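Here the structure is laid out as structure tokens; the discussion comes afterwards.
None of the values given here were measured: they were computed from a predicted structure. Chain letters run A, B, ... following the sequence lines, proteins first, then strands; residues in each count from 1.
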Amino acid sequence: MEKAILSGNEAIARGAFEAGIRVASAYPGTPSTEILENVVNYPTIDASWAPNEKVALEVCIGASFGGARALATMKHVGLNVAADPLFTLSYIGVRGGLVLVVADDPEMHSSQDEQDSRNYAKFAKVPMLEPADSEEARLFTRLAFDISERFDTPVLLRSNTRISHGKSIVNLHDPVEGLPEPCIVRDPAKLVMLPANARRRHPLVEKRIVDLEAWACEQSFNRIEEGEGDVGIITAGISYQYAREIFPKAPLLKLGMVYPLPKDLIREFAARFKTLYVIEELDPFLEEAIRAMGISVIGKEIFPICGEFTPGRVEAAVTGKEPAAAYSCSEDLPGRPPNMCPGCSHRGVFYTLKQLGAFVTGDIGCYTLGALPPISAMDSCVCMGAGISNATGLAKVLPASERPKVVGVMGDSTFLHTGVNSLMDLVYNQSTATILILDNRATGMTGRQDNPSTGYTLMGDPTHVVDIEALCRSVGVKHVQVIDPYDIDLVREVLQTEMARPEPSVIIARRTCMLERRGGAERRPPLAVDPEKCVSCRACLKVGCPAIEWERTADGKGKAVINALLCVGCGLCQQTCKFDAMGESRGK
Amino acid sequence: MENNVKNILLAGVGGQGTLLASEVLSEVLMMAGHDVKKSEIHGMSQRGGSVTSHVRYGSRVYSPLIPEGKADILFGFELLETYRYLPMLRKGGAVVVNNLKIAPAPVASGLVEYPDDIPGKLAAAVADTTLVDGMELALEAGNYRTVNTVLLGALSNRMEIEEQMWIEALKKLVPERFLEENLKAFALGRGVKAQDLTKATAIGS
């Protein structure tokens with residue numbers, strides 16, 4: 001058998017390929033993004049980026065209606081967007097197997113909250129598998145399709161940052177053969193969720209959970225690992241690894257399916273121990289269910305609910321003391337926060353918004369970094385699409401004197417994700433905010449993925465380009481203009497005019513992301529600072545460009561220098577310098 | 001309790017090639033017959049932020065994260081980031097570090113100073129510290145981008161894996177057109193030996 005060292009995301013893609021999927025759809029979101037980027041390596045699968053997670057899931061539901069196996073993937077907050085179809089799909093069930101991978105982000109490495117997606121399994125009444133490493137990610141994904149068809153249910157597979165972005169050794173298997181060819185099958189009593197039909201489906205959903213619960217007691221993915229001592233552990237997913245690290249020899253019940261729970265198996269295991277730990281990251285999901293069975297356990301009274309687990313945090317919870325460190329760093333070290341790239345088209349826009357005193361309702365993307373110092377020009381950030389609708393609501397309640405300050409900001413991908421609905425509302429309900437679409441021709445933060453306005457599909461094929469200007473006009477925005485975000489004077493002038501206008505307007509600041517995959521970003525010769533002209537005023541530092549460094553000088557004042565290896569010549573610093581000290585570097 | 005698991009913590013700055021280095025390292029460890037796990041963070045923290053990669057190997061690895069204070073080798077690509085993660089190193093562990101400063105935003109914007117003499121502080125704390133002039137050797141290999149391979153070469157001296165296996169892993173993971181300069185970079189890195197730091201004293205607890 002061939003072995004490979006794969007990330008959890010690569011392994012999920014492999015498992016889906018082995019399961020014979022025909023369709024995969026997703027909206028990029030850390031830490032789930034690379035699943036679809038790896039599915040593309042299997043040419044038998046139609047893989048695509050959807051404009052949002054709800055669309056991705058609905059595309060997969062359609063494929064399932066046709067009898068094909070389909071995979072939808074998203075990050076935890078993406079499932080909030082896809083929750084609507086999920087809950088009804090639970091009643092409908094599947095024809096071709098349907099698996100929805102949801103990747104949580106405990107510790108919020110790259111997210112706005114750390115919601116625990118296991119709650120969705122219980123809420124939507126669908127089974128959820130939770131792998132503990134890459135091999136299980138492959139195996140459980142493959143298995144999830146069998147469960148989906150056997151029990152006529154969508155199946156959730158829960159990953160998280162450590163599973164998705166961690167690598168471990170995987171055994172590669174051949175794909176299944178002999179799956180039926182897709183075709184139309186009419187079955188309105190199952191597929192049309194009119195109230196009368198849904199009332200007949202609901203009892204089937206309840207029975208399905210009972211059946212799954214009994215079946216799961218016999219399956220090897222829920223297993224007891226025998227050991228020594230009189231303390232038993234119940235755990236699942238990544239927490240299993242930390243539990244084993246700290247308790248290498250303890251008897252342990254490892255759950256591969258976290259909903260529904262194998263209650264008989266849990267009772268059998270629990271009966272053997274006076275002390276039982278439930279070790280699980282985030283919510284007391286297993287703990288509450290096990291306590292509800294009348295079993296006494298130790299859980300969140302010692303293990304943290306907030307943040308991700310580490311071996312040290314689990315050990316500290318159990319022993320009550322922090323692990324001893326051999327070395328410590330007494331110095332207060334400078335932090336290294338993330339930053340917008342040199343030449344990033346967002347930088348000058350936020351710099352200008354700050355100067356104009358705008359109240360910026362923001363959104364999710366690289367541009368959320370506009371909230372960080374030294375720019376600090378974003379005042380709110382909730383979720384995708386909220387940049388526009390938050391502006392709408394805020395503008396409704398402010399006095400006329402403050403209303404012009406409200407600017408809703410979002411990116412091209414987020415605008416197409418859900419922002420377009422918000423814009424429709426802004427116009428339809430006659431609010432007045434200024435909307436700024438930072439169109440950098442890519443879904444930047446997750447790694448420059450394509451979207452409906454980039455002109456390419458996930459498979460790399462050229463496709464129609466959404467005309468964002470025409471889209472804005474068609475929902476009724478009368479004042480739509482496209483500007484170059486490198487031209488700061490123009491950005492300021494247009495913003496001032498539009499903020500003062502008592503009507504909705506859209507400004508599209510368009511320039512290709514510096515990291516865009518097809519080399520579309522413009523790189524100009526690097527600039528240099530003329531030390532004779534630099535008066536040490538530090539104005540250029542306010543743009544927060546990583547290419548500008550402050551150099552110590554003998555007089556103690558210091559001077560700006562530009563790192564020619566990083567500078568792409570965007571000219572933003574040049575426009576902020578009143579002393580004309582920045583110019584194209586000569587020589588060297 | 002730890003059985004025979006060994007831990008290597010890579011620390012650097014987003015964009016420095018720590019990812020490829022940890023890929024090669026994991027590949028070579030799998031080829032050598034170990035169970036291997038590696039963990040790192042992508043996404044927001046990549047935008048010029050501090051990055052780490054945890055690599056663990058042995059007969060059976062559980063946690064993908066190195067237990068706090070249990071790293072056997074702190075493998076640093078940048079001085080400040082290496083110093084930042086020093087508390088992850090176990091007593092008697094080793095440091096292999098690139099002699100390179102990259103100013104983080106608060107330093108670049110003149111708000112705070114880059115800490116002084118990190119190589120000296122590391123050497124004073126950890127007797128087994130190897131300082132590698134990675135950039136210089138990478139340029140000697142023909143491309144400054146091979147600095148991560150130079151550093152792997154230096155690290156390879158500390159591990160009981162045949163040189164040939166490293167070369168095979170590089171051949172597998174480095175694109176053909178960059179292979180020659182990377183093989184050269186690896187050999188140059190492998191030539192770097194631990195400095196005579198007998199005067200330094202380890203600070204234990």
Side-chain angles (χ1 to χ4, degrees), chain A residues 3-5 30-31 33-34 105 109-111 133 161-163 165-169 238 240-246 248 309-313 315 322-329 331 333-341 366 368-369 373-374 445-447 538 541 544 546 548-550 558 563, chain B residues 1-3 13-14 22-23 26-27 29-30 35-50 54 61-70 80-81 83-84 86-93 102-115 121 125-126 203-205:
Chain A
K3 283 185 177 207
I5 180 156
T30 311
T33 311
E34 300 84 357
D105 189 16
H109 296 286
S110 203
S111 303
D133 59 19
T161 303
R162 295 298 169 189
I163 298 295
H165 288 168
K167 287 202 166 190
S168 59
I169 296 172
I238 191 71
Y240 163 80
Q241 307 294 358
Y242 304 129
R244 266 286 167 249
E245 193 74 33
I246 302 305
F309 280 179
T310 66
R313 287 179 188 174
E315 188 179 356
E322 297 294 319
Y327 304 99
S328 60
C329 238
E331 258 177 274
L333 299 177
R336 195 182 294 273
N339 201 338
M340 293 178 213
C341 303
C366 282
T368 317
L369 296 172
M445 180 59 91
T446 47
R538 295 178 181 241
L541 295 180
I548 304 176
E549 292 166 14
W550 199 248
N563 183 337
Chain B
M1 190 164 92
E2 279 279 50
N3 67 46
V13 177
S22 67
E23 295 280 316
S26 307
E27 187 72 28
L29 289 165
M30 184 180 76
D35 186 21
V36 187
K37 278 189 182 166
K38 142 176 134 101
S39 186
E40 59 224 349
I41 296 295
H42 310 183
M44 186 171 253
S45 58
Q46 258 189 323
R47 300 276 173 270
S50 160
H54 296 232
V61 181
Y62 290 110
S63 166
L65 295 176
I66 298 170
E68 290 83 341
K70 297 280 174 63
L80 171 59
E81 294 314 309
Y83 193 43
R84 192 189 308 283
L86 185 60
M88 282 293 287
L89 192 68
R90 73 169 165 82
K91 194 175 177 182
I102 300 176
V107 172
S109 58
L111 295 175
V112 291
E113 298 280 330
Y114 194 96
K121 288 171 185 165
V126 184
I203 299 168
S205 68

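For A/Ser328, the part sitting under 4.5 Å from any heavy atom of chain B is the backbone (N, CA, C, O) and nothing else. When heavy atoms are compared at a cutoff of 4.5 Å, A/Pro334 approaches chain B by way of both its backbone and its side chain. Only the backbone of A/Ala4 comes within contact range of chain B, judged by heavy atoms closer than 4.5 Å. Neither the backbone nor the side chain of A/Ile163 comes within contact range of chain B; no heavy atom of the residue lies under 4.5 Å from a heavy atom of that chain.
Contact check on A/Lys167 versus B/Glu23 returns a salt bridge, with a Lys/Arg side-chain nitrogen under 4.0 Å from an Asp/Glu carboxylate oxygen. The pair B/Lys121-A/Glu331 meets the salt-bridge criterion, since a charged nitrogen lies less than 4.0 angstrom from a carboxylate oxygen.
Residues A/Tyr242 and B/Pro64 are in side-chain contact: their nearest non-hydrogen atoms beyond the backbone lie under 4.5 Å apart.
Interatomic distance, A/Ile5 CD1 to B/Ser26 OG, rounded to the nearest 0.5 Å: 4.5 Å. Within the model, atoms CZ of B/Arg84 and CZ of A/Arg336 stand 6.5 Å from one another, a figure rounded to the nearest 0.5 Å. Rounded to the nearest 0.5 angstrom, B/Leu65 CG and A/Glu245 CD are separated by 9.5 Å.
With chain B as partner, the option from A/Arg244, A/Lys3, A/Glu549 having the largest number of non-hydrogen pairs under 4.5 angstrom is A/Arg244. Considering only heavy-atom pairs separated by less than 4.5 Å from chain B, the leading option among A/Pro546, A/Gly166, A/Pro31 is A/Gly166. Of the listed residues (B/Ser22, B/Gly93, B/Ser63), the one with the most heavy-atom contacts under 4.5 Å to chain A is B/Ser63. The greatest number of non-hydrogen atom pairs below 4.5 Å with chain A, out of B/Arg90, B/Glu27, B/His54, B/Glu68, is found for B/Glu68. Considering only heavy-atom pairs separated by less than 4.5 Å from chain A, the leading option among B/Ile66, B/Val61, B/Leu86, B/Val112 is B/Leu86. Interface summary for chain A: among B/Pro106, B/Gly110, B/Ala105, B/Gly69, the most heavy-atom pairs under 4.5 angstrom belong to B/Gly110.
In this view, A/Asp105 and A/Ser111, A/Thr161 satisfy the side-chain hydrogen bond (donor to acceptor under 3.5 Å, both in side chains) rule, not counting sequence neighbours.
Minimum interatomic distance between A/His165 and B/Glu40 (heavy atoms only, all atoms of both residues): CB-O, 3.4 Å. The heavy-atom pair separating A/Tyr327 from B/Gly92 by the smallest distance is OH-N, 3.9 Å.
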- Query: Is there a side chain to side chain contact (heavy atoms under 4.5 Å, CB included) between B/Tyr62 and A/Tyr240 once you walk through the steps?
  - Reply: CA-CA 8 Å; B/Tyr62 290 110; A/Tyr240 163 80; 3.8 Å; yes
